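All values derive from a computational prediction rather than experimental measurement. Only heavy atoms go into these numbers, but all of them, side chains included; no hydrogens, no water, no symmetry mates. Residue numbers begin at 1 in each chain, while the letters A, B, ... track the order of the sequences.
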2 protein chains.
Amino acid sequence: MSSLPAASHSTILEVARDAGVSKTSVSRYLGGERHRLSPAMQARIAAAIQRLGYRPNQMARGLKGGRSKLIGMLVADIRNPFSVTVLHSVEQACRARGFSLLVCNTDNDPDQERNHLALLASYRVEGVVINAAGRPSAELKALAEQGTPIVLLDRSLSDVDADVVGLDNAGAIDMAMDHLLERGYRNVLYVSEPPEGASSRQRRLERFRQRLAQAPELTGETACLAMQRDSDALRQALHGFVSRESPAPRAILCANGNVTLQVAHALNALGVSLGETGLLGIDELDWCALAGPGITTLAQPTEAIGQAAVESLMQRLAPPGRQAPPRRTEYAARLIARGSTHR
Amino acid sequence: MSSLPAASHSTILEVARDAGVSKTSVSRYLGGERHRLSPAMQARIAAAIQRLGYRPNQMARGLKGGRSKLIGMLVADIRNPFSVTVLHSVEQACRARGFSLLVCNTDNDPDQERNHLALLASYRVEGVVINAAGRPSAELKALAEQGTPIVLLDRSLSDVDADVVGLDNAGAIDMAMDHLLERGYRNVLYVSEPPEGASSRQRRLERFRQRLAQAPELTGETACLAMQRDSDALRQALHGFVSRESPAPRAILCANGNVTLQVAHALNALGVSLGETGLLGIDELDWCALAGPGITTLAQPTEAIGQAAVESLMQRLAPPGRQAPPRRTEYAARLIARGSTHR
DNA sequence: TTGTATGCGTTATCAC
DNA sequence: GTGATAACGCATACAA
């Protein structure tokens with residue numbers, strides 16, 4: 001009763017022969033048109049498929065119809081928990097709609113981004129979710145001009161006609177500042193990674209400065225540093241801020257999860273006690289409750305963001321009439337107050 | 001000067017026409033056989049490609065040659081930092097060799113694993129890296145029988161002829177126990193997620209028990225719980241262990257990073273002070289230095305593991321002669337001592 | 001309800 | 001050196 005190990009992949013033709021029917025019938029059986037086949041034939045085809053261990057070849061399938069059933073996703077930093085959570089939700093949303101996800105990590109490198117984009121194009125992905133690392137490239141424009149739907153995640157790109165899905169950055173900064181003010185902090189250091197090439201960073205920084213300008217009772221400053229590369233600079237900046245004479249209670253606002261992590265490390269090394277010196281970070285991380293008295297954060301609705309991204313794609317995928325103009329979807333952050341902002 | 005926006009993808013035929021040459025020549029140009037073409041023709045083809053914004057269609061390529069240039073990866077839990085780091089290194093290694101990575105997250109669900117496996121097969125991936133969630137499925141065996149190289153990551157699978165790459169689990173437990181003993185702990189609670197379906201968990205648990213049996217000066221117990229699902233049970237188990245009368249210094253050994261996280265949360269809630277009660281976790285996490293006095297960990301060489309996995313695949317991909325028998329590659333853990341094991 | 005013929009974009013096998 | 005032409009596995013318009 002043992003079947004021979006199929007040397008290679010069997011084809012629809014072999015199935016057809018084995019079942020004694022035509023290729024077309026098998027194709028129909030597979031393509032969700034079984035209702036048009038006689039029960040007898042269905043049974044024979046099913047048996048043949050089973051017997052041969054047949055698996056349809058998506059490559060060939062995509063060739064003819066142009067439907068690769070593939071969505072591409074460009075992630076700027078796969079090791080960023082925020083990205084991963086969004087990725088997770090994007091993948092689920094895709095799968096729920098019968099698409100697979102081709103994931104590319106760019107490590108925030110524009111060159112890699114371009115290569116990956118070309119790659120995705122070569123696999124004829126039907127849509128692309130991009131957490132952009134660089135400026136709009138020729139590859140991206142080519143993709144857009146070919147009519148491939150594009151959704152920008154977290155970071156928008158000038159000159160690109162695409163939906164953008166992400167956090168309400170200004171609102172998040174507002175929320176953070178309101179919280180810090182309410183808790184009595186009056187001197188705020190805003191720490192960010194370099195904002196060039198990441199619109200969300202720019203937007204947050206900009207809003208922080210606006211808030212500073214609007215609130216006379218508040219003083220503040222900003223520090224933009226490449227976190228991983230020079231942790232020394234970060235430590236120095238923090239040391240300067242923390243040790244300086246200041247009657248106003250101090251707090252540090254971290255522009256994203258990575259910043260929060262690095263700042264927490266630096267403060268830890270400096271022996272700064274959280275709470276007395278406030279600390280608030282954008283992005284919720286699963287360990288934030290564990291560091292010192294707990295770190296107050298602004299959680300992003302990552303699930304919603306991922307789903308919205310795919311939803312956008314799907315709408316542009318089915319072009320019934322005229323395409324709607326690019327849309328911007330912004331989600332509100334959620335404050336999770338912990339000990340680090342409790343004086 | 002401006003070119004019309006290419007309505008859709010251009011084909012090799014269009015390039016050929018535009019350049020006034022044959023398809024074959026263009027194909028040769030693309031396929032790395034330029035040395036057989038006259039410089040003049042090369043120039044014309046290059047110009048045409050440029051002009052039309054041509055991108056080869058990998059789908060069609062894979063159809064004829066059978067080379068999809070795709071590697072599939074099954075991740076049991078994409079939100080696990082360990083998995084992500086390995087994924088990152090696998091992706092880099094693949095790209096360095098001209099392959100793309102099709103990533104599938106199974107969320108530790110055997111059903112999803114089977115679906116994803118079928119999917120990968122349908123895309124004719126040339127190799128698969130699997131961080132398995134369940135028992136060997138029919139889909140997996142089909143893949144193996146078709147000759148698709150398979151590498152098992154972290155978790156081995158009985159009945160599957162595949163290379164296995166991962167941690168030296170017994171060695172890691174030894175390392176952990178030696179460290180705990182050296183630091184004076186004499187009563188150890190081993191906390192793990194349910195070991196069923198994850199060979200590495202089984203191996204670690206088994207080794208822990210062996211060590212207990214071998215060391216008369218040591219007492220210990222084990223707790224296997226689904227972390228996320230019932231955090232109550234975990235808290236109770238920890239409470240029981242910590243509050244029980246015991247002259248012997250106590251320590252908790254966490255079987256992986258997720259356990260460490262959940263245990264840290266529970267201990268935090270219980271108000272247990274780390275160090276006095278020892279804590280050691282397998283898997284280094286980027287926040288481990290920040291929780292209390294710092295959590296001692298055993299770091300896995302994730303980069304090496306990812307690279308070794310791809311290396312394995314590549315060797316089996318090129319079948320010059322007879323295939324070597326399945327190989328097992330085990331890497332040693334690295335101890336990072338912190339305050340949580342300092343009494 | 002079922003089958004035939006053609007084409008998708010590419011590579012490979014020939015011939016010139 | 002270069003170019004026809006035949007596959008590759010599948011979907012589909014068309015015919016029966």
Undergrad: Report the distance from atom CD of B:Q146 to atom P of D:dG9, rounded to the nearest whole Å.
TA: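 One finds 13 Å between P of D:dG9 and CD of B:Q146, rounded.
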Undergrad: Send over the distance from B:K69 NZ to C:dT10 C1', rounded to a whole Å.
TA: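 The distance from NZ of B:K69 to C1' of C:dT10 comes to 15 Å, rounded to the nearest Å.
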Undergrad: Establish, from distance only, whether the side-chain atoms of B:S200 and B:D154 form a donor-acceptor pair under 3.5 Å.
TA: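 There is such a pair (donor and acceptor under 3.5 Å, judged by atom type) between the side chains of B:S200 and B:D154.
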Undergrad: Could you state the atom-to-atom distance from NE2 of A:H35 to P of C:dT1 in whole Å?
TA: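 Distance check: A:H35 NE2 to C:dT1 P gives 9 Å.
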Undergrad: Side chains of B:L140 and B:I130: does their closest heavy-atom pair fall under 4.5 Å?
TA: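 Counting from C-beta outward, B:L140 and B:I130 do come under 4.5 Å.
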Undergrad: Tell me the interatomic distance from A:N57, atom CG, to C:dC8, atom P, rounded to whole angstroms.
TA: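 Atom CG in A:N57 sits about 18 Å away from atom P in C:dC8.
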Undergrad: Heavy atoms only, 4.0 Å cut-off, all strands: where does B:M59 land among base, sugar-phosphate and nothing?
TA: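 Contact class for B:M59: none.
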Undergrad: OP1 or OP2 of C:dT1 less than 4.0 angstrom from a side-chain nitrogen or oxygen of A:Y29, does that happen here?
TA: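 Result: no.
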Undergrad: Using whole Å, report how far OH of B:Y123 lies from C1' of D:dC10.
TA: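 Going from B:Y123 (OH) to D:dC10 (C1'), I get 14 Å.
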Undergrad: So if I take every side-chain heavy atom of A:S22 and compare against C:dT4, D:dG3, C:dT10, which nucleotide ends up nearest?
TA: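 Closest nucleotide among those given: C:dT4.
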Undergrad: Side-chain contact, heavy-atom cut-off 4.5 Å: B:R97 with B:L313?
TA: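 Contact flag for B:R97/B:L313 side chains = no.
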Undergrad: Base, sugar-phosphate, or nothing for A:L37, non-hydrogen atoms under 4.0 angstrom?
TA: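 A:L37: backbone/sugar contact only, no base atoms under 4.0 Å.
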Undergrad: Do A:M41 and A:R28 have side chains that approach each other closer than 4.5 Å (heavy atoms only, starting at C-beta)?
TA: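 The answer is no, as the side chains (C-beta and beyond) never meet within the 4.5 Å cut-off.
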Undergrad: Tell me what B:L63 touches on the nucleic acid: a base, only sugar-phosphate, or nothing, going by heavy atoms under 4.0 Å.
TA: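 Here B:L63 touches the bases of the nucleic acid.
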Undergrad: Would you check, one step at a time, whether the test side chain to side chain contact (heavy atoms under 4.5 Å, CB included) holds for B:D77 with B:F82?
TA: CA-CA 9 Å; B:D77 178 10; B:F82 165 73; over 6 Å; no
Undergrad: Just the rounded figure in Å: distance from C1' of C:dT10 to NE2 of B:H9.
TA: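 The distance from NE2 of B:H9 to C1' of C:dT10 comes to 15 Å, rounded to the nearest Å.
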Undergrad: Under 4.0 Å between a side-chain N or O of A:S25 and OP1 or OP2 of C:dG3?
TA: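 Yes, A:S25 has a side-chain N/O under 4.0 Å of OP1/OP2 on C:dG3.
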Undergrad: What's the CZ-P distance between A:R124 and D:dC10, to the nearest Å?
TA: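 Nearest whole value for this atom pair: 20 Å.
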Undergrad: Figure out the CZ/C1' separation between B:R17 and D:dA4, and round it to whole Å.
TA: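 Taking CZ of B:R17 and C1' of D:dA4, I get 14 Å after rounding.
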Undergrad: Hey, which sits more toward the 5' end of DNA chain D by its nearest nucleotide, B:P39 or A:R61?
TA: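 Here B:P39 is the residue nearer the 5' end.
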Undergrad: Between the protein and nucleotides 12-16 of chain C, list the N/O to N/O atom pairs that are separated by less than 3.5 angstrom.
TA:
unit_1, atom_1, unit_2, atom_2, d
C:dA12, N6, B:T24, OG1, 3.4

Undergrad: Of B:D18, B:T11, B:L37, B:V15, which meets side chain to side chain contact (heavy atoms under 4.5 Å, CB included) against B:V26?
TA: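 So the option named by the test is B:V15.
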Undergrad: Would you tell me if any nitrogen or oxygen in the side chain of A:R36 comes within less than 4.0 Å of OP1 or OP2 on C:dT1?
TA: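 Answer is no, no contact under 4.0 Å.
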Undergrad: Have A:R55 and B:Q146 got a donor and an acceptor in their side chains that come within less than 3.5 Å?
TA: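 Not at all, the side chains of A:R55 and B:Q146 share no donor-acceptor pair under 3.5 Å.
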